[in-house]
Amino acid sequence: MTEESRKSIHGQWSSRLAFILAATGSAVGLGNIWKFPYITGENGGGAFVLVYLLCIALIGIPVMMSEILIGRRGRRSPINTMRMLAAEEGIPKLWVLLGWAGVVAGFLILSYYSVIAGWAVAYVFRAASGVFTGVTADGIGAMFGDLVGNPEAQLGWHTIFMVMTTMVVARGVRSGLEAAVRFLMPGLFVLLLVLLGFSMNTGYFEQGLDFMFSVDFSKLSTAAVLTAMGHAFFTLSLGMGAIMVYGSYLSRNTSIAKTSVVIALLDTLVALIAGMAIFPIVFANGLEPASGPGLIFQTLPLAFGHMPGGVLFGTLFFVLLVFAAWTSAISLIEPAVAWLVENRDMNRVRAATLVGMITWLLGIVTILSFNRWAFEFDFAGETKGSGIFDILDILTSNIMLPLGGLAMAIFAGWMMKKTSVVDELKMGEGMLFKAWYVVVRYVTPVAVGIVFLNLVGVVRF
Ligand code: TRP
């Protein structure tokens with residue numbers, strides 16, 4: 001193929017910075033601020049955090065490079081990219097299934113992601129109304145209970161968030177996605193620092209740090225290792241084609257390796273700061289670190305309710321959290337939308353509306369799983385309390401994303417010709433390239449494989 005024909009019909013990022021912002025916008029979201037703290041709390045802290053960090057460095061960054069390189073080589077929606085590269089590289093057409101699996105995972109993830117983002121929208125209004133001022137931990141707990149116990153209210157917030165997401169996706173790559181991230185991400189970062197400052201003065205900062213960073217392997221269960229690995233994929237948006245489709249809009253002369261490292265570092269920094277801000281508040285108020293998906297909604301309002309300017313900071317914080325979720329959500333349906341535009345001859349508006357409506361419907365299941373349909377079940381020796389929401393989360397982050405990421409590593413490491421990979425990465429064939437190649441060919445498959453074998457009980461550690 002010639003250079004000229006390797007252009008995406010959907011447009012291109014205006015610059016390397018624009019891509020970094022968009023990919024970071026996809027990576028940084030509820031996963032960092034909502035999910036990372038609550039799963040760290042549920043899985044005992046330090047040892048879990050260490051496994052998570054190792055997974056980011058050893059699996060996440062190399063898989064991200066693979067995913068971007070596949071996307072940029074194919075220059076189409078993930079489904080068509082897989083089809084075209086399979087033909088170009090002379091390997092089985094079956095690989096197109098990887099593109100389809102990603103589309104399905106995107107629908108499933110966004111269906112519950114949007115419900116949680118809806119909680120954040122609701123909290124914007126609560127923060128602005130001043131109800132957090134001077135409130136106790138019990139009061140905040142009751143407010144959260146009111147929200148999750150009320151399906152109609154959640155449906156309203158979920159609808160608002162899905163409409164927002166569909167609108168941006170409908171507008172397309174440049175005008176829609178780029179504009180949103182440029183100012184909002186730095187704003188979120190600043191507010192996290194404000195929260196961190198508050199937590200440092202609670203008198204429990206050290207206890208928070210201790211919980212997050214002192215490693216005690218006896219607290220690490222099989223399920224925790226799988227969750228840590230799954231979260232590394234989730235938080236970096238890997239394994240379902242979101243980063244692949246963003247890569248397909250990337251100009252040919254941007255360094256994939258450097259960009260991946262920058263995105264992973266920013267993402268990790270945000271998650272760690274969120275954790276360091278939240279756990280001191282948990283301990284200062286005698287809350288339970290393992291209290292599940294409601295954790296940030298039961299801790300952060302306490303901070304805002306007791307700091308000077310809390311109404312303003314609280315409102316701003318939840319606004320920015322909604323934006324962070326928004327810039328992530330759009331990447332979850334972009335692969336499906338790009339495919340509809342390419343293969344069904346739809347314009348972006350119709351494609352985005354269709355995909356948005358399907359996701360909206362699916363989201364209703366998650367809403368009901370917190371109230372009318374709630375049930376408990378055991379997963380790898382742990383009790384989960386929110387029925388279908390937990391099942392969706394485990395199925396997508398802990399199973400589909402690691403398998404998808406594994407398949408992408410195998411695709412780049414074993415299926416594509418080495419010359420194609422070298423040509424696309426543009427980093428020569430020096431030490432760094434060799435290290436990456438060994439990792440995607442051997443380390444990633446073995447690591448993901450061991451974690452799964454451990455889960456199904458074939459090996460035990
Ligand atoms: N990474 C985002 C977060 O941490 C969520 C997300 C966006 C995502 N796109 C994705 C997760 C693709 C998995 C796959 O909030």
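Start at 1 and go down the list; that is how both ligands and their atoms are numbered.
- Seen from the ring of Trp414, Arg441 counts as a face-on cation partner, given the 6.0 Å and 45° thresholds.
- At a threshold of 4.5 Å between non-hydrogen side-chain atoms, the residues Thr159 and Met162 do not count as touching.
- Distances from atom 1 (N) of ligand 1 to the heavy atoms of Trp34, Phe234, Phe36 put Phe234 nearest.
- Here is the list of ligand 1 atoms found below 4.0 Å of a heavy atom in Leu30: 15 (O).
- For Trp339 and Trp100, the distance between ring centers is under 6.0 angstrom.
- Between Ala242 and ligand 1, a contact under 3.5 Å exists for no N or O pair.
- Distances below 4.0 Å separate heavy atoms of Leu401 from the following atoms of ligand 1: 13 (C).
- Residue, atom and distance of the protein heavy atom nearest to atom 2 (C) of ligand 1 are Ser26 O, 3.1 Å.
- Asn80 and Arg83 share a side-chain donor-acceptor pair at under 3.5 Å.
- Taking the six-membered ring for Trp, Phe304 and Phe313 have ring centres at least 6.0 Å apart.
- Between Thr24 and Val270, the closest side-chain pair of non-hydrogen atoms is not below 4.5 Å.
- Residue-ligand proximity: Tyr113 is placed with a non-hydrogen atom under 4.0 Å from ligand 1.
- The part of Ser331 lying near ligand 1 is the side chain, judged by heavy-atom distances below 4.0 Å.
- Proximity of Ile243 to ligand 1, defined as any heavy-atom pair under 4.0 Å, is not found for any part of the residue.
- By the 6.0 Å and 45° rule, Arg126 stacks over the aromatic ring of Tyr123.
- Considering each of Gly241, Ser237, Gly102, the one bringing a non-hydrogen atom nearest atom 8 (C) of ligand 1 is Ser237.
- At the shortest separation from atom 14 (C) of ligand 1 among protein heavy atoms lies Met240 CG, 3.3 Å.
- A cation-pi arrangement, defined by a distance under 6.0 Å to the six-membered ring centre and an angle within 45 degrees of its axis, is present between Lys35 and Phe234.
- The shortest contact between atom 4 (O) of ligand 1 and any protein heavy atom is with Ala27 O, 3.0 Å.
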